[in-house]
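Okay, so here's the structure we're looking at.
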Amino acid sequence: MDFKNIPSVKEQIMKCVRCGKCRSVCPVFAELHYESAAPRGHVFMVQMLRDGVVKPTEEVNERLAQCLLCEKCTAVCPSGIDIHELNAAARSYINHKNPSVGKDLLFDTLWTSPALLNFSTTLLGGVQKAGLQKLARHTGLTRLLPGNLPQAEKILDKIPLRNARSRIAEVNPAQGEQRFKVGYFLGCATDMLYPDIALATIEVLTSNGCEVIVPRHSKCCGLPHIANGKLETARDLAAHNCQIYNAYDFDYIVTDCGSCSSALSAENLNFLLGQTADAPAAEIFAAKIMDLSQFLIEVLDIQFPANNEARPVKVTYHDPCHLANIQKVTEQPRELLKRIPGVELIEMSDTNYCCGGSGTYSITHYQTSMKILDKKMTMIKLTGAELIATCCPSCIMQLNYGLRQHDMKGRVFHPIQLAREAGRKKARNSA
Ligand code: SF4
Ligand code: SF4
């Protein structure tokens, strides 16, 4: 679709009253302190781009790409402007005008094929020991790909030998009486970087009466594509996923990744597919998609019996921006944690402060990302918690890096991994 005709670009910009509310919550503006790095500046920039006052150059793209797409600004804008959508639409427009072989290769070819992506990630795991820096030097990848591979090397957690998809069945029957038929949306990061989260998800859901199906042909949720100016590819991926999941008669579709659930949410699917022939399929899909913690609390009402032997453990919870800001899923992960025997939940001073990860942002904007991360790690340190829980693999990777950078003890978990342990203890006790 033509950039100027995207509804948010066409209709929303003039609603900006320049109040600056968005600026006051933006984590990037808090670090960089200049207007063109603030959401209000982005709105103005997109307006100038739309009206032809500025040209769609790489320089303009770089200014817009400073945004994490965390949606904090959108959540507080009194005029209801989808600032992150404006930004994503503008990046896509600029990308069209400035094609890049490396980006096309990464986002249109590799990241649209789960098999190719998995192969490349396995390869990456293989060369991780040798060092990505060497790989980059020998292959010239640094010239082709966005971001900085040597920095990526530092941030990446150890890549496991086997991804989740190769370890879980397509159909996982419910244990005991079946309550729901659930489609599991397995995101790329969970699949390839944190397969244990996927294994825990399957175990907890099946042991709580769900038949869990992991469709073999699902693809990436499209969020990396949106962030990197590949809106058309994100549309294709969304349409594909809706079609695949709608072919099953699921009661619910769940994902353990906050970024995936935001990309697959009704708002985002409407942004991508609202004006296309795939809009009805997107509506059917969006009515069933749910974050895993929301499903566990609101639908399953999962319970863990009291366990006097449970070791008391202090846990703090980090809100993934994509889950908290627009989807408003903040209480359910906390409630899940509080129900786990032994867990004492300790809140950070600012419960909704970004970690600076945001998918590929920590690789493409390392310096800014690290400034934001430093603040986050200080907040975590002050809680005295030994475990950090969060519902997004991208945040897990960033926070793990924060622990290493700040020489802090502690471990980062997805709440589902703690729920699985509590469930196993429950099973052992009742045996
Ligand atoms: S909060 Fe909304 S209306 Fe206010 S300056 Fe930001 S974009 Fe404009
Ligand atoms: S989406 Fe987040 S980082 Fe981007 S402008 Fe809005 S508040 Fe700032």
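Every number for a ligand or one of its atoms is a count from 1 in the order of the listing. One is the number of the first residue; the rest follow in order along the sequence.
When only non-hydrogen protein atoms are considered, atom 4 (Fe) of ligand 2 lies nearest to C67 SG, 2.3 Å. From the protein, the heavy atom lying nearest to atom 6 (Fe) of ligand 2 is C73 SG, 2.3 Å. Nearest protein neighbour of atom 7 (S) of ligand 1, counting heavy atoms only, is I83 CD1, 3.7 Å. The protein atom (non-hydrogen) at minimum distance from atom 3 (S) of ligand 2 is L68 N, 3.3 Å.
Of the options M45, K55, K97, a side chain to side chain contact (heavy atoms under 4.5 Å, CB included) to V60 is made by M45 and by none of the others.
If you number the atoms of ligand 1 from 1 as listed, the ones under 4.0 Å from a heavy atom of S79 come out as 3 (S). Every atom of ligand 2 with a heavy atom of V28 under 4.0 Å away is listed here by number and element: 3 (S). Taking every heavy atom of P78 and a limit of under 4.0 angstrom, the matching atoms of ligand 1 come to 1 (S). Shown in contact with R40 at under 4.0 Å from a heavy atom are these atoms of ligand 1, numbered in order with element: 5 (S). Shown in contact with P39 at under 4.0 Å from a heavy atom are these atoms of ligand 2, numbered in order with element: 5 (S). Contact atoms of ligand 1 toward R18: 5 (S), 8 (Fe) (distance under 4.0 Å to a heavy atom of the residue). With ligand atoms numbered from 1 in the order given, ligand 2 contributes 3 (S), 5 (S), 7 (S), 8 (Fe) to contacts under 4.0 Å with heavy atoms of C26.
Distances shorter than 4.0 angstrom do not occur between any heavy atom of H84 and any atom of ligand 2. Heavy atoms of G20 approach ligand 1 to within less than 4.0 angstrom. The shell of residues lying under 4.0 angstrom from ligand 2, judged by heavy atoms, excludes V25.
Checked by atom type and distance alone, the side chain of S24 pairs as donor or acceptor with a backbone atom of K21 at under 3.5 Å. Without hydrogens or angle criteria, D319 side chain to C321 main chain gives no donor-acceptor distance under 3.5 Å. Under a 3.5 Å cut-off, the side chain of S369 and the backbone N or O of Y361 do not form any donor-acceptor pair. Panel note: side chain N246, backbone A281; a donor-acceptor pair is recorded below 3.5 Å. Panel note: side chain D251, backbone K181; a donor-acceptor pair is recorded below 3.5 Å.
Annotation: the span from Y194 atom OH to Q417 atom CD amounts to 10.0 Å, rounded to 0.5 Å. Distance check, rounded to the nearest 0.5 Å: OG1 of T74 to CG of N87 gives 9.5 Å. For the atom pair OG of S358 and CD1 of I363, the computed distance is 11.5 Å after rounding to the nearest 0.5 Å.
The residue among S358, C70, C77 with a heavy atom at the shortest distance from atom 1 (S) of ligand 2 is C70.
You'll find the side chain of E344 reaches within 4.5 Å of the side chain of I346, heavy atoms only. Taking 4.5 Å as the limit, some side-chain heavy atom of I253 sits within range of a side-chain heavy atom of Y245. Side-chain contact check for I388 versus V315: every heavy-atom pair is 4.5 Å or farther apart.
C16 lies close to atom 8 (Fe) of ligand 1, since one of its N, O or S atoms is found at a distance under 2.8 Å. Taking 2.8 Å as the criterion, H42 does not count as a coordinating residue of atom 4 (Fe) of ligand 2, since none of its N, O or S atoms falls below it.
The backbone of L69, and not its side chain, has at least one atom closer than 4.0 Å to an atom of ligand 2 (non-hydrogen atoms only; backbone = N, CA, C, O). Under 4.0 Å from ligand 1, not a single heavy atom of R23 appears.
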